[in-house]
Amino acid sequence: APLLRLVDIGVIEMAGGLITFSHDLIQKCIYDGIELAARHNLHYDIGTFLGFKASPALAAPHVEAVQIDMSQVYISDSKQSAESNVSTKSLLSIAVDHINHAGPEFITQQQQRVTFAAWNFLVGKELSSRSRFGCALHYYEEGIRFLGIGKWINDIITDGRQLCLGLYEGAAAACCAIGKDAMTAYYANFIFQNVSPENSLPAWISLFSSLESSGKHMEIVEKGIKLICHFNINISRDPPNPAAIMESMAAAVASASHFKIDQIVEMYQNRSERKMQNIFKIYNAISVAAYSLSSPYLPLLTFDFVRYSLKNKFCTTETAVAFASFGLFNIYLIQDYAAGKYWANIVLDMLKKARARSAYVRAKWIVHGHIMIWFIPLKTTVKNLFRTYQLGMKIGDFNNSMYPLVLSSSYALFEGENLALLSQSFNGNLKMMMKYNIACAKFAVIDKDMIDTLRGEDTNPFSIFEGLYANDEDLINHAQEENNMNLLEYIYLRRFILSFWKGDYENAETCAKVALSFPSAKWPKLLSMYFSFFRGLIAFQRYRETQSEEQLRNGIESICKFEVWVNLSPANFENKLTLLNAEQQASLPNIKQAKVLYKASIESARDNGRVHEQGLAYEMMGKFLLSVSNESTQAMECLEKARTCYNQWGALGKAEILCRQYGLAADDSKLRDDSLKRDRSS
């Protein structure tokens, strides 16, 4: 009867067995009128009833540490005390909300506090698994509050120590996911003070991920080298010398020689011992930082982890990254391209058995972006990298997906994709990189700036940074502060390439010297090919001007490299080697043979769909023929054809430079209008 009276006056509503307040304000008014102690008792009674109703086993739950693949999540920074933004709420989460409203101050028995801390852990863990890290952090911190902030439980109950570890690991991982770097370090360091390195690996993974996002690569390498020494991976803390690196590589090669390719692939396990997986996740974190620094520790780490994996007959997706890097270093250190391809194929075979996750994407972009570029057509590599990016986005690995995206875009530029279309693609890619991986955006913006210059326009791509970096000089200063050798080399190589296209060979040589001064310049990559190609062309051009024997040697050195590479992939290297040979013959001078080789290079570039390199061959031939008596007519025809090719490429700025240099009739307004129309329609 009292309930019906409340229904009649509009205080509550009844629907079947469900009773609710008719308005939130009525509920709040009645709630505020309850005495504080009674209110706490009410929350406590409701919470305990619902909690034990959810599962009697929750009185003493089994606690597992929280592990989150930080790159494979969509981050939510919501901090509601319960899952208000999740469509369904578990009975336990409702119970825990009531217990948390009562608060630890109301709970006097330590055993109860431990139980309620465990309930908070379970809700936080569930939310973490659904990438609701802001909410999850709230529950982890509530659980810590029940145990006592800044206290570590060792002797209350059997699971107390593990519960404490789980709460702090969960809090560290959640803070890392939502970008709270200082709090990530706080929770991780509290674990390190109370737990051995062997039992604190998830916290180290969270800390290294946080440090990576902050650009603190040196700190990751220093801490990481110290950490892995606890796992019988003894790496000297002194910077390794070349002899030590080659000795370590020889040991890794010797270890690998005892296994056939199918035996290594058969070692792969989708499910494996958590500790071993975490050790290789630590390797991945250190290797990313070492790569940014061009640290000599990277090859040493790779070789030791390859040996560690084979010794323990342990292969997972994380191990695939080490194997891919091992293949890369076979190419880099001893120019063993066959071994590089061998390990790339092992990785690809392993990944056929793998579940797609963070390390999966990383291993694939190392293989496709840094190894297979020597063996398969660049167009195919661009497609493979883009597919890797798409896969990474599909599985939620947004951070790692940006690496194959930036590589596929850059490689498309070198392959000669239409610059108008590519410019539009870069605009969208830059926005995505700013959202998921700013480090990649710093590389992509350099490419976009070069595209603008080649097109003869200025879209101010650096505006994406909203004033943080206004130009590449600001990026250079930033890279120097972070000791980011790869970014510094990338900027100067792009300056070198752009100076080449402008015909400013003197400035190109200056930029080349700076680029070569960075340790990362010795690492094999696509830019190594184009650097050698353009540098060889410049060397022969400068030799004809100065008769410098050093320039001639530089040109011949480039030819020697391409003579090796052309056997690996004629589609990628044939037209370039032929053009270098044409320039050498032009420098002798051997006019007849030079003309034959120029034409062969033009045909090869055309057949492989590289209109920009077809234009370059026409330009080089025209420039040479201008220096030959009675060849001026053919020379101008070649230069006109070069301009046509550059316009087809979309490089209207480069075409205009050609017109000014050689006095070509400059009426390309229609071509520019057509290019802009394609730009807008795309």
Side-chain angles (χ1 to χ4, degrees), residues 67-72 169 172-173 175-177 179-193 195 197-198 200-231 233-240 245 277-305 308 318-319 321-322 324-325 358-359 361-363 366 397 399-400 402-403 436-440 442-443 478-488 518-520 523:
Q67 273 215 262
I68 301 168
D69 188 347
M70 304 311 305
S71 62
Q72 197 168 333
E169 281 180 340
C175 285
C176 178
K180 290 189 171 184
D181 296 332
M183 291 305 296
T184 301
Y186 167 77
Y187 288 120
N189 286 324
F190 192 74
I191 292 171
F192 304 151
Q193 293 167 16
V195 180
E198 184 173 338
S200 61
L201 290 175
W204 281 106
I205 293 168
S206 294
L207 179 63
F208 287 160
S209 180
S210 176
L211 291 172
E212 181 188 349
S213 67
S214 303
K216 297 179 180 178
H217 302 118
M218 185 65 74
E219 187 175 347
I220 295 173
V221 172
E222 291 173 351
K223 291 180 182 293
I225 295 297
K226 183 178 179 181
L227 173 65
I228 61 177
C229 289
H230 292 280
F231 303 100
I233 304 172
N234 297 313
I235 295 179
S236 172
R237 297 181 194 177
D238 297 326
I245 291 173
Q277 272 193 339
N278 286 339
I279 289 173
F280 272 89
K281 286 182 179 180
I282 294 293
Y283 158 75
N284 287 341
I286 303 171
S287 65
V288 169
Y291 177 79
S292 296
L293 298 169
S294 298
S295 169
Y297 278 116
L298 180 55
L300 208 61
L301 281 164
T302 297
F303 304 146
D304 282 354
F305 271 92
Y308 185 82
E318 287 75 20
T319 323
V321 177
S325 299
S358 173
V361 175
R362 184 170 291 174
I366 292 174
D397 189 358
N399 177 64
N400 274 312
M402 296 301 103
Y403 291 102
Y436 297 121
N437 190 323
I438 296 177
C440 285
K442 294 170 187 175
F443 287 84
H478 162 73
Q480 288 172 336
E481 290 173 2
E482 289 195 343
N483 202 28
N484 190 333
M485 296 293 120
N486 279 295
L487 181 56
L488 286 168
F518 300 112
S520 56
W523 293 25

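- Shortest non-hydrogen contact noted between Ile245 and Pro296 is CD1-O, 3.8 Å.
- Annotation: side-chain hydrogen bond (donor to acceptor under 3.5 Å, both in side chains) contacts of Ser210 (sequence neighbours excluded): Asp181.
- Closest heavy-atom contact between Ala188 and Ala172: N-CB, 4.2 Å.
- Taken from CG in Leu301 to OH in Tyr308, the straight-line distance is 13.5 Å, to the nearest 0.5 Å.
- Remark: of the listed residues Asn284, Leu227, Val221, Leu227 is the sole one forming a side chain to side chain contact (heavy atoms under 4.5 Å, CB included) with Phe208.
- At distances below 3.5 Å, not a single donor-acceptor pair connects side-chain atoms of Asn399 with backbone N or O atoms of Asn437.
- Annotation: side chain of Tyr187 is in contact with side chain of Cys175 (closest heavy-atom distance under 4.5 Å).
- In plain terms, the two heavy atoms of Leu293 and Met485 that are nearest each other are O-CG, 3.4 Å.
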With side chain to side chain contact (heavy atoms under 4.5 Å, CB included) as the test, would you mind laying out the steps for Tyr297 and Ile286 before giving the verdict?
CA-CA 9 Å; Tyr297 278 116; Ile286 303 171; over 6 Å; no
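- When side chains are defined from C-beta on, Ile366 does not count as touching Tyr403, because their heavy atoms never get closer than 4.5 Å.
- Looking at Glu212 and Ile220, their side chains come closer than 4.5 Å, going by heavy atoms from C-beta outward.
- For the pair Ile228/Ile279, no side-chain contact is recorded, criterion being any heavy-atom separation below 4.5 Å from C-beta on.
- When all heavy atoms are compared, the tightest approach of Ala324 to Ala363 is CB-O, 4.2 Å.
- The shortest side-chain heavy-atom distance between His230 and Glu198 does not fall under the 4.5 Å cut-off.
- We find the NZ-CD1 distance between Lys281 and Ile205 to be 5.5 Å, quoted to the nearest 0.5 Å.
- At least one donor-acceptor pair closer than 3.5 Å links the side chain of Thr184 to the backbone N or O of Lys180.
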Applying side chain to side chain contact (heavy atoms under 4.5 Å, CB included), run through His217 and Asn483 and close with a yes or a no.
CA-CA 8 Å; His217 302 118; Asn483 202 28; over 6 Å; no
Can Leu487 and Glu482 be said to form a side chain to side chain contact (heavy atoms under 4.5 Å, CB included), step by step?
CA-CA 10 Å; Leu487 181 56; Glu482 289 195 343; over 6 Å; no
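- Partners of Glu222 under the side-chain hydrogen bond (donor to acceptor under 3.5 Å, both in side chains) rule, at least two apart in sequence or in another chain, do not exist in this structure.
- Heavy-atom minimum distance, Ala322 versus Phe305: CB-CB, 4.5 Å.
- Here the closest non-hydrogen pair linking Asn486 and Ser294 is ND2-OG, 3.8 Å.
- Between the side chains of Thr302 and Tyr283, at least one donor N or O lies within less than 3.5 Å of an accepting N or O.
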